[in-house]
Number of protein chains: 2
Amino acid sequence: MASDHTRTAILAAAERLYADRGFGDVTLRDIVAEANVNLAAVNYHFGSKDELIAELFVTRSIATNRERLRELKAAEEQGGGRAPIEMILHALVGPTLRGCLGPENQRSTAARFMIRASIESVPPIRRIKNREIDHLRKFAGAMRRALPDRSDVDIYWGLNFALAMAHHTIRESERLTKLSEGKCDLDDVEDVVARVVSVATMALTAGKAETKAPSKVAAR
Amino acid sequence: MASDHTRTAILAAAERLYADRGFGDVTLRDIVAEANVNLAAVNYHFGSKDELIAELFVTRSIATNRERLRELKAAEEQGGGRAPIEMILHALVGPTLRGCLGPENQRSTAARFMIRASIESVPPIRRIKNREIDHLRKFAGAMRRALPDRSDVDIYWGLNFALAMAHHTIRESERLTKLSEGKCDLDDVEDVVARVVSVATMALTAGKAETKAPSKVAAR
DNA sequence: TTGCAATTCAAACAGTTGTATGAAACTATC
DNA sequence: GATAGTTTCATACAACTGTTTGAATTGCAA
């Protein structure tokens with residue numbers, strides 16, 4: 001094995017560009033220019049552009065999931081095998097929100113890259129992405145333990161809504177700022193996390209009786 | 001003006017393909033093949049590929065917004081200028097969810113196209129998309145009238161979360177079905193709408209006292 | 001029918017993409 | 001210091017992109 005310098009330079013440059021501009025707009029020539037390496041280096045080190053994307057995604061996916069599971073595990077151990085639902089949700093949405101929001105200069109390129117990856121549907125990633133279901137299932141399990149009276153359906157919907165609020169807020173953060181004329185402060189990450197967790201908790205705990213949500217306005 | 005047949009055939013084919021495969025993967029040659037017209041027809045009738053996308057987006061955007069505002073207006077008139085918050089949220093997320101979920105054969109191509117458009121960031125659309133802020137502001141206004149005690153910040157966050165749940169559920173519907181092993185029934189559109197409206201309503205009405213969401217777990 | 005504009009068409013264009021090639025430059029081993 | 005293996009580099013390639021061109025065809029009015 002040699003210096004590895006070129007490899008890592010390519011990975012870093014690619015992640016940065018993808019995070020900023022999306023997959024469709026970034027060409028191999030953009031990447032090698034940013035990394036100050038030769039055009040052929042990508043194919044030499046990674047085989048193809050798709051394999052480069054895949055490697056990037058797999059690496060980051062593992063890292064993000066590990067961070068979330070670390071928080072989840074800590075919460076469950078602290079509660080003797082059963083963590084409060086707020087802490088579970090916190091472990092679910094916290095890492096991603098922290099990486100993507102907050103003051104611009106301290107946002108994680110990796111997290112923004114992952115959001116891009118979860119939004120756009122480039123073939124090599126779509127294939128890998130199904131593995132994440134197993135990861136989410138672990139959270140569903142923890143939520144079931146935290147709310148044993150809740151039906152599975154409600155658990156999954158709550159999980160879905162929690163991820164929905166986190167991801168959408170990241171994705172549309174610019175528009176939300178403009179819409180609210182700056183009143184919604186997306187730099188205060190912990191406030192955003194708390195809001196998402198709070199609403200998701202309500203979704204999961206409110207109105208124990210109803211299997212379906214109230215539908216008095218569902219006439220139409 | 002002539003038959004217009006070619007124009008409309010192109011629009012229909014483009015919308016269908018974009019809805020299915022996204023903007024990045026659909027080429028002009030795909031479109032003209034699907035529409036059974038000559039390659040040069042797109043440039044002749046629309047000027048460029050971007051103008052075709054823009055026309056499609058503008059047309060559909062107007063239609064969707066009109067439908068949402070129609071429901072909103074009806075709700076407000078029925079309530080004498082102040083609609084219940086559930087109905088406002090229903091008007092906000094109902095039309096989109098109905099167009100994108102439900103039995104496969106009756107999903108609206110137009111609605112799926114709009115979701116694609118809101119996800120991917122193709123230049124001609126990004127430019128137009130900022131107009132939608134004015135549209136959302138009308139809903140924010142109605143929500144303020146429905147909840148006069150609520151702060152603007154909370155209103156905007158509630159609006160954001162409602163859209164978040166609707167869009168994310170559409171986007172990740174396949175994964176939610178797989179994750180829940182079919183327990184979450186995405187064909188029952190009115191149930192989905194009711195769930196989203198219910199959670200969004202809770203987010204907007206719960207815990208009047210707190211300005212910020214509870215943050216007892218926000219340690220870290 | 002004649003004439004004229006609108007529309008269609010096949011073909012070619014210039015630009016960009018990801019990938020492949022083979023020579024050059026390096027690195028380490030003997 | 002010669003040799004073998006790895007890595008870099010300039011360059012070329014084939015495929016594909018959106019767009020343009022100019023001739024053919026159509027539709028319709030006079």
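The analysis underlying the following values was restricted to heavy atoms, covering all of them including side chains, and did not include hydrogens, waters or symmetry mates. First the proteins, then the strands, lettered A, B, ... as listed; each starts at 1.
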* Figure out the CG/C1' separation between B:Leu28 and D:dC16, and round it to whole Å. => 12 Å

* **From C:dT8, C:dT19, D:dG18, nucleotide with atom closest to B:Arg29 side chain** => D:dG18

* Asked: So does A:Lys138 pair up with A:Glu76, basic N to acidic O under 4.0 Å?
  -> no

* To do: Provide, to the nearest angstrom, the distance between the CG atom belonging to B:Asn43 and the P atom belonging to D:dG18.
  => 9 Å

* To do: Can you figure out which of C:dT19, D:dT19, D:dT6 approaches the side chain of A:Tyr44 most closely?
  => D:dT6

* Asked: Roughly, in whole Å, what's the span from CD1 in B:Ile53 to C1' in D:dT17?
  -> 13 Å

* To do: Report the relative orientation of the aromatic rings in B:Tyr18 and B:Phe23; use parallel for angles under 30°, tilted for 30 to 60°, perpendicular for over 60°.
  => tilted

* Could you tell me the separation between the NZ atom of B:Lys49 and the C1' atom of C:dG15, rounded to a whole number of Å? => 15 Å

* Could you tell me whether A:Arg112 and A:Asp20 have a side-chain N and a carboxylate O separated by less than 4.0 Å? => yes

* Would you mind telling me which of D:dT17, D:dA12, C:dA11 lies closest to the side-chain atoms of B:Thr27? => D:dT17

* Asked: Once you round to the nearest 0.5 Å, how far does CD of B:Glu51 lie from CG of B:Asn43?
  -> 9.0 Å

* Asked: Where does the angle between the aromatic ring planes of B:Phe139 and B:His135 fall among parallel (under 30°), tilted (30 to 60°) and perpendicular (over 60°)?
  -> perpendicular

* Nearest-neighbour nucleotide for the A:Asn38 side chain, C:dT19, D:dC9, C:dA10 considered -> D:dC9

* To do: Output yes when at least one side-chain N/O atom of B:Thr6 is less than 4.0 Å from OP1 or OP2 of C:dT8, else no.
  => yes

* Asked: What integer distance in Å separates A:Asp4:CG from D:dT6:P?
  -> 15 Å

* Between A:Glu71 and A:Arg68, is there a salt bridge with N-O shorter than 4.0 Å? -> no

* Side chain of A:His45 (C-beta onward), nearest among D:dT8, C:dT8, C:dT17 -> D:dT8

* To do: Using atom CG of A:Asp50 as one end and atom P of C:dG18 as the other, report the distance to the nearest whole Å.
  => 10 Å

* Taking NZ, NE, NH1 and NH2 as the nitrogens, is one of them in A:Arg175 or A:Glu172 under 4.0 Å from a carboxylate oxygen of the other? -> yes

* Would you check if the side chain of B:Asp30 reaches a backbone N or O of B:Thr27 as a donor-acceptor pair within less than 3.5 Å? => yes

* **Whole-Å distance separating the CG atom of A:Asn36 from the P atom of D:dA10** => 12 Å

Could you go through nucleotides 24-27 of chain C and list every protein N or O atom that sits under 3.5 Å from one of its N or O atoms, giving the distance for each pair?
none

* Asked: Are any of the side-chain nitrogens in B:Glu34 or B:Arg21 under 4.0 Å away from the carboxylate oxygens of its partner?
  -> no

* Rounded to whole angstroms, how far apart are CG on A:Leu52 and P on C:dG18? -> 11 Å

With the criterion being N/O to N/O and under 3.5 Å, what pairs connect the protein with nucleotides 21-23 of chain C, and how long is each?
none

